[in-house]
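Here is the structure we will look at.
All values reported here derive from a predicted model rather than from experimental measurement. When a residue number appears, it is its place in the shown sequence, counting from 1.
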Amino acid sequence: MGQKQAVVLQQPCAHANQATITEVERPPQGCQVCLATGGSWVHLRTCLTCGHVGCCDASPGRHATGHFHATSHPLVTSAEPGESWVWCFADSRAVSE
């Protein structure tokens, strides 16, 4: 399993106050929906509101984006080792690189 790493919002957006997760595991076990359904993923994203781990838009399920549309949780971070960027779905922009 991965290591817990701090999440830093270098260029906070108006949605930064919704980020309740301050550390994420990189890498996590996998996309929660893909693991439950036998799907596959390319890269993983962690929701900074609730901690849901979903797969990226290059993955067949696009579960991170689906989670945003279902919940309106705006911020995700890469769950990939060596990456720490944060993306705001609501504003369609990076808030950390």
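- Between Gln11 and Ser96 there is no side-chain heavy-atom pair separated by less than 4.5 Å.
- Looking at heavy atoms from C-beta onward, His63 lies in side-chain contact with Cys34 at the 4.5 angstrom threshold.
- To the nearest 0.5 Å, atom OG1 of residue Thr77 and atom CG of residue Leu44 are 11.5 Å apart.
- The backbone N or O of Thr49 lies less than 3.5 Å from a partner atom in the side chain of Thr20, making a donor-acceptor pair.
- The shortest distance between side-chain heavy atoms of Pro81 and Gln3 does not fall below 4.5 Å.
- Considering all non-hydrogen atoms of both residues, Pro12 and Arg93 come closest at O-NH2, 3.2 Å.
- Atoms NE2 and NE2, from His52 and His73 in turn, are 10.5 Å apart once rounded to the nearest 0.5 Å.
- The two residues Ala79 and Thr46 come nearest to each other via the heavy atoms CB-OG1, 3.5 Å.
- The heavy-atom pair separating Ser72 from Gln18 by the smallest distance is O-OE1, 4.1 Å.
- Between the Ser78 side chain and the Glu80 main chain, a donor and an acceptor come within less than 3.5 Å of each other.
- Cluster partners of Ile21, by chain and number: Val7, Leu9, Val24, Leu48, Leu75, Val86, Val95. The rule joins Ile, Leu, Val, Met, Phe, Trp and Tyr whenever side-chain heavy atoms lie under 4.5 Å apart.
- Taking OG of Ser84 as the start and CD of Glu97 as the end, the distance is 9.5 Å to the nearest 0.5 Å.
- A single hydrophobic cluster is seen to contain both Trp41 and Val53, as judged by linkage of ILVMFWY side chains at heavy-atom distances under 4.5 Å, directly or through other members.
- Counting heavy atoms from C-beta on, the side chains of His15 and Asp91 come closer than 4.5 Å.
- In this pair, Phe68 and Phe89 present their aromatic rings parallel. The plane angle is below 30°, not in the 30 to 60° band.
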Quiz prompt | Residue pair Arg45, His67: steps toward the side chain to side chain contact (heavy atoms under 4.5 Å, CB included) verdict | solution = CA-CA 10 Å; Arg45 312 293 181 237; His67 178 74; over 6 Å; no
